[in-house]
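The next block holds one structure in the form of structure tokens; read it before the comments.
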Amino acid sequence: MRSELGKVRGLGSAKSGTEHFWMQRVTAIANVPLVIFLVWFIISHVGSTRAAFITSIKHPLIAVGLLLALASFLYHMRLGLQVVIEDYVHGSAKFAALLINTFFAVILFATAAYAILKMSFGL
Amino acid sequence: MSGSKPKARPLSPHLQIYRPMLSMTMSIMHRITGVGLAVGMIGLVWWLTAASISDGYFDLVQGFFYHWFGRLVLFGFTWALMHHMLGGLRHFIWDTGRGFELTTVEWLVRANLIGSVLLTILIWVIGYGVRA
């Protein structure tokens, strides 16, 4: 026997919706200049040799710019994919998909950050 | 209210009920480009990682993106990026509570579409200009 109240308890809002919306907007604003920076960075390394590429990344502004770009893009990506998953995936698969989504974003960031720092510090 | 059997409730009308409109299509495109950009992030991280590993591996990845197929992927990525960015700016206008008049909505989604194509072409003209 479960009461009517017991059935609905815990089914309400997780109370984090506003933060999700807000951080999606904050990262979206940050993404605009960072996209311009990334497009410039990619265009200036069309057909570049590895030596020239690493020389650019040794500059602190380039390295920090790339780190910020990756952080903001991937944060925004995680929030966006989370909404897509919540719309189309249900039940226990949703839980798994949301976990994989978070791991995907974090692994991509850690991999990129390691590569950027390694080249920038010249190890 | 003691019945525990869930009643079959009417569903609200979904996509197939409506005549496809540009604003609806652009909303869907915003989501599709977003998912596409997520896949593109793997390419970006692949490129950066390759540069950190070795000359040979970096040349391999540079070669992939130099190949016509790689260029096609990059062109699609550029368009998705511009489309999603302009779509985001459109949402910022709507976030302020402005631009909801039907004529403005139509204008905004057209500007989004045309702007994304123009910016993509501009970026590629600059890209080819720098290389030449």
Side-chain angles (χ1 to χ4, degrees), chain A residues 1-4 7 21 24-25 27-29 31-32 34-36 38-54 56-57 66-67 69-70 73-74 76-81 83-85 87-88 101 104-105 107-120 123, chain B residues 1-4 6 30-63 65-66 71 74 77-78 81-82 84-92 95 119-120 122-132:
Chain A
M1 278 297 282
R2 292 188 71 193
S3 71
E4 296 292 331
K7 276 188 221 161
F21 173 91
Q24 190 163 44
R25 276 12 182 223
T27 50
I29 292 173
N31 283 352
V32 176
L34 292 170
V35 159
I36 296 169
L38 180 77
V39 168
W40 166 79
F41 181 78
I42 292 175
I43 285 180
S44 54
H45 292 94
V46 172
S48 164
T49 61
R50 180 168 174 249
F53 189 85
I54 291 179
S56 330
I57 291 190
L66 283 174
L67 286 170
L70 265 300
F73 296 166
L74 292 170
H76 190 83
M77 178 191 82
R78 184 183 154 263
L79 294 177
L81 289 180
V83 174
V84 175
I85 291 167
D87 279 354
Y88 305 127
N101 181 41
F104 177 61
I107 289 168
L108 278 186
F109 182 73
T111 309
Y114 176 77
I116 294 163
L117 293 175
K118 184 185 169 202
M119 288 186 279
S120 194
L123 302 172
Chain B
M1 289 295 283
S2 60
S4 55
H30 193 72
R31 175 163 286 197
I32 292 173
T33 51
V35 174
L37 290 169
V39 177
M41 291 307 289
I42 300 174
L44 176 62
V45 174
W46 185 41
W47 188 49
L48 290 168
T49 306
S52 77
I53 291 176
S54 70
D55 290 348
Y57 197 40
F58 186 65
D59 288 345
L60 178 91
V61 178
Q62 286 282 74
F65 287 118
Y66 191 76
R71 264 186 251 194
L74 275 180
F77 182 77
T78 314
L81 193 60
M82 292 301 114
H84 199 82
M85 185 178 77
L86 292 180
L89 295 175
R90 177 163 54 88
H91 278 281
F92 276 127
D95 283 349
L119 281 177
T120 305
L122 177 72
I123 288 169
W124 279 71
V125 166
I126 295 172
Y128 273 96
V130 165
R131 199 175 59 95

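Taking every heavy atom of both residues into account, Phe73(A) and Met41(B) meet most closely at CB-CE, 3.6 Å.
For residues 31-39 of chain B, the interface with chain A (any heavy-atom pair closer than 4.5 Å) comprises Arg31(B), Val35(B), Ala38(B), sorted by residue number. When the heavy atoms of residues 46-56 of chain B are compared with those of chain A, the residues falling under 4.5 Å are Trp47(B), Leu48(B), Thr49(B), Ala50(B), Ala51(B), Ser52(B), Ile53(B), Ser54(B), Asp55(B), listed by number.
Side-chain atoms of Phe92(B) and Ile29(A), non-hydrogen and from C-beta on, do get closer than 4.5 Å to each other. The shortest side-chain heavy-atom distance between Phe104(A) and Ile42(B) falls under the 4.5 Å cut-off. Side-chain atoms of Val39(A) and Ile126(B), non-hydrogen and from C-beta on, never get closer than 4.5 Å to each other.
With rounding to the nearest 0.5 Å, the separation of NE2 in His45(A) from CZ in Phe58(B) is 7.5 Å. Taking CD1 of Ile42(A) as the start and CG of Leu44(B) as the end, the distance is 6.0 Å to the nearest 0.5 Å.
Heavy-atom distances place the side chain of Leu81(A), and not its backbone, under 4.5 Å from chain B. Using a 4.5 Å cut-off between heavy atoms, Ile123(B) contacts chain A through both its backbone and its side chain. Of the atoms belonging to Asn101(A), not a single heavy atom falls under 4.5 Å from chain B. At a 4.5 Å heavy-atom cutoff, the contact between Val84(A) and chain B is made by backbone and side-chain atoms alike. Contacts of His76(A) with chain B are made by side-chain atoms alone, with heavy-atom separations under 4.5 Å and no backbone atom involved.
The choice from Ser48(A), Ser44(A), Ala112(A) that makes the most heavy-atom pairs within less than 4.5 Å of chain B is Ser48(A). Listed options Val46(A), Ile54(A), Asp87(A), Leu66(A) were ranked by heavy-atom pairs under 4.5 angstrom with chain B; first place goes to Asp87(A).
With sequence neighbours left out, the side-chain contact (heavy atoms from CB on, under 4.5 Å) criterion links Leu79(A) to His20(A), Met23(A), Gln24(A), Tyr75(A), Gln82(A). Listed by chain and number, the residues in a salt bridge (Lys or Arg N to Asp or Glu O under 4.0 Å) with Arg25(A) are Asp95(B) (sequence neighbours excluded).
Remark: side-chain polar atoms of Gln62(B) are not paired, donor with acceptor, to backbone N or O of Thr49(A) under 3.5 angstrom.
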